[in-house]
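Have a look at the structure below, then the notes.
In the text below, chain A, chain B and the rest are named by the order of the sequence lines, each starting its count at 1. Given the structure is predicted, the values throughout are model-derived calculations rather than measurements.
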Amino acid sequence: MLQVSYIRENREQVLERLAVKNFKQPEVVDQIIALDDKRREFQSKLESIAAEANAIAKQIGELMRQGKKEEAEPLKANTTSFKEQSKTLTEEVAAIEAELYNQLVILPNLPHSSVVKGISADDNEIVYEYGVKPNLPEIALPHWELATKYDIIDFELGNKIAGAGFPVYKGKGAKLQRALINFFLDQADLQGYREMQPPIVVNEASGFGTGQLPDKEGQMYHVGIDNLYLIPTAEVPITNLYRDVIVKEEELPIKNCAYTPCFRREAGSYGAHVRGLNRLHQFDKVEIVQVVHPDTSYQVLEDMSSYVQSLLKALELPYRVLGLCGGDMGFTSAKTYDMEVWCAAQARWLEVSSVSNFETYQSNRLKLRYKGKEGKTHLAHTLNGSALALPRILASLLENNQTENGIKIPSVLVPYTKFEWIS
RNA sequence: GGAGAGAUGCCUGAGUGGCCGAAAGGAACAGUUUGCUAAACUGUCGUACUGGCAACGGUACCGAGGGUUCGAAUCCCUCUCUCUCCGCCA
């Protein structure tokens, strides 16, 4: 959520930046400013009435204490009109504030000045490409066929016990998953991220805190009986740890990471592009989350991007980095890099990580602030990134590393898997 | 699931209708003293909105939301959460 004060003071710039994100309702900006004017006007009326009423109540209290009951009685009569006025004004202020909030949540985050204008994924910039795409023989198999061939992932069994999008990993498939999780967590640890194990269900307040609610309600699994949501990413519980928190400036940056399963209903997805591991309802992911000082957030974004890339290099996967254009960026992000790995048999790029700087967009809603040395509070900046999401890494490993002798495990993973080949 | 108790500031904790935005202690921060550390002493020490160049004001907040009252941390109602005991279970 953007800050109203920022919108007021930087109207032109806000409009210009929203255009980069291809935002269709620029009139909302002026509506917000008008509503805020109205809010101030009504609130100040309400407050001056309250001030008068408080003053009278104080006088009455003083008289009562002195035992002058008779003198207090006429004062009471004066307050009836205050009560009525303040009641209607309170209702009006509440209505204005509700409308202001409704308008405010329509506005996406403002893209950073380095973000290019654009409408769709076609307009994203390829900022970096690394590695050599393997030359596979004609008979190369897509990962879902390899999974069956080596009996390491069973999609049918998953269908039976849960449904499509809930695969069962078996034997070396399961061990490879566990190896990847441990590898990612160990690497994050080396980078100074504190490992956390959060709940994988969250309450409504947390869903609102990171912006999944109310917008993406339909994308989360909801446990109705207890009104809890299965997390779509560890970003939700980890970032919400800092909801309504004021940290000391010297505690920044705060670096946390977490492995969790992630649950996404993916309502509306279908077809060949969701085959196999490409898109699942449940998947594993290691997430890195930082809370930083505003001055450093863009440097941190670059650091996080390099870190994610270092993981892909270690796994010897060809990848590319996309700088997302305004139109393809998430609603809450100011700048996002997507990392995509090459899946050789499918001959397509698959997104395995998304690293974003949210600036104050999340922290404003979360009320996540830091207290500066001068004693004032300021909103902190938040960032997060996948490091990494497992299924597509697995897909890419299986497809790219397939040989006549089986699937070769990257050497960095062998200490974790304790085997070199899936055959 | 049943019964009971509770929710106050960074923490502990007092406060049962006006003098309470809130005692006291601790923590933290700044200063004085000190050869250093410690101790002692002094001071500062919630958040948000809002008026003002500022000095300094106003309003709201004692788990959340309603209500009673001239006036609510305090009384009433609803909800949420926490703790204790019992039951069940890992």
Contacts of A:Q66 meeting side chain to side chain donor-acceptor pair (under 3.5 Å) (sequence neighbours excluded), chain-then-number -> A:E62, A:K68

B:rC86 versus B:rC11 - spacing of their C1' atoms, nearest Å
33 Å

Find the distance A:K367:NZ to B:rG46:P and express it as a whole number of Å.
19 Å

Just name whichever nucleotide pairs with B:rU69, Watson-Crick or G-U, keeping both distances under 3.5 Å, else none.
none

Quantified in whole Å, what is the P atom distance between nucleotide B:rG71 and nucleotide B:rC61?
13 Å

Is it the case that the side chain of A:K255 and the backbone of A:Q191 share a donor-acceptor pair, with hydrogens and angles ignored and the cut-off at 3.5 Å?
yes

Taken in chain and number order and not counting sequence neighbours, the residues that satisfy salt bridge (charged side-chain N to carboxylate O under 4.0 Å, His left out) with A:E340 are A:R320

Would you mind pulling out the nucleotide paired to B:rU32, Watson-Crick or G-U wobble, both distances under 3.5 Å?
B:rA40

Taking side chain as C-beta onward, heavy atoms only, is A:I32 less than 4.5 Å from A:L100?
yes

Check for me whether the distance between the ring centres of A:Y370 and A:H293 falls short of 6.0 Å.
yes

A:F82 CZ to B:rG71 C1', straight-line distance once rounded to whole Å
14 Å

B:rU84 versus B:rA30 - spacing of their C1' atoms, nearest Å:
44 Å

B:rC19 P sits how many Å from A:K58 NZ, rounded?
7 Å

In whole Å, I'd like the distance from the CG atom of A:D226 to the P atom of B:rG1.
9 Å

Tell me if the aromatic rings of A:F263 and A:H281 count as close, with their centers under 6.0 Å from one another.
no

Which one is paired to B:rC20, where only Watson-Crick or G-U wobble pairs with both distances under 3.5 angstrom count?
none

For B:rU80, the Watson-Crick or wobble partner whose two distances fall under 3.5 Å:
B:rA7

Any heavy-atom pair between the side chains of A:L15 and A:R11 that's under 4.5 Å?
yes

Between P of B:rA72 and CE of A:M64, the distance in whole Å
14 Å

Between B:rA28 and B:rG46, how far apart are the C1' atoms? Round to whole Å, please.
14 Å

What is the distance from CG of A:D244 to P of B:rG9, rounded to the nearest Å?
13 Å

Taking only the side-chain nitrogens and oxygens of A:K371, find out if one of them lies under 4.0 Å from OP1 or OP2 of B:rU47.
yes

What interatomic distance, in whole Å, is found between C1' of B:rA54 and the corresponding atom of B:rC41?
34 Å

Nearest-angstrom distance, P atom, B:rA60 to B:rC53
24 Å

B:rC88 -> Watson-Crick or G-U wobble partner, both distances under 3.5 Å, gives none

CG of A:L75 versus P of B:rG18: gap in Å, rounded?
19 Å

Check the pair A:K248, A:E250 against salt bridge (charged side-chain N to carboxylate O under 4.0 Å, His left out), reporting the backbone distance first and the verdict last.
CA-CA 5 Å; A:K248 292 185 188 130; A:E250 56 267 29; 5.5 Å; no

In whole angstroms, the gap separating P of B:rA28 from CD of A:E250 amounts to 13 Å

Which pairs, protein N/O on one side and nucleotides 79-82 of chain B N/O on the other, fall under 3.5 Å?
none

For residues 76-89 of chain A, the salt bridge (charged side-chain N to carboxylate O under 4.0 Å, His left out) pairs (sequence neighbours left out) are A:E73-A:K76

In terms of the nearest nucleotide of RNA chain B, which residue is placed more toward the 5' end: A:K87 or A:K83?
A:K87

Enumerate the residue pairs fulfilling salt bridge (charged side-chain N to carboxylate O under 4.0 Å, His left out) with a member in residues 158-182 of chain A, sequence neighbours excluded, ordered by first and then second residue.
A:D151-A:K170, A:D154-A:K170

Just by modelled atom types, is the A:E287 backbone N or O under 3.5 Å from a matching donor or acceptor in the A:S386 side chain?
no

What nucleic acid atoms does A:I60 come within less than 4.0 Å of, heavy atoms only: base, sugar-phosphate, or nothing?
base

Should B:rC56 form a Watson-Crick or G-U wobble pair with both distances under 3.5 Å, which nucleotide is its partner?
B:rG51

Base-pairing mate for B:rG46 - Watson-Crick or G-U, with both contacts under 3.5 Å
B:rC61

B:rG43 to B:rC49 separation - C1' atoms, rounded to the nearest Å
29 Å

Determine, for nucleotides 48-65 of chain B in 5'-to-3' order, which nucleotides have protein heavy atoms under 4.0 Å from the base (write B), from only the sugar-phosphate (write S), or from neither (write -).
SBSS------BBS-----

What integer number of Å spans the C1' atoms of B:rG63 and B:rU80?
8 Å

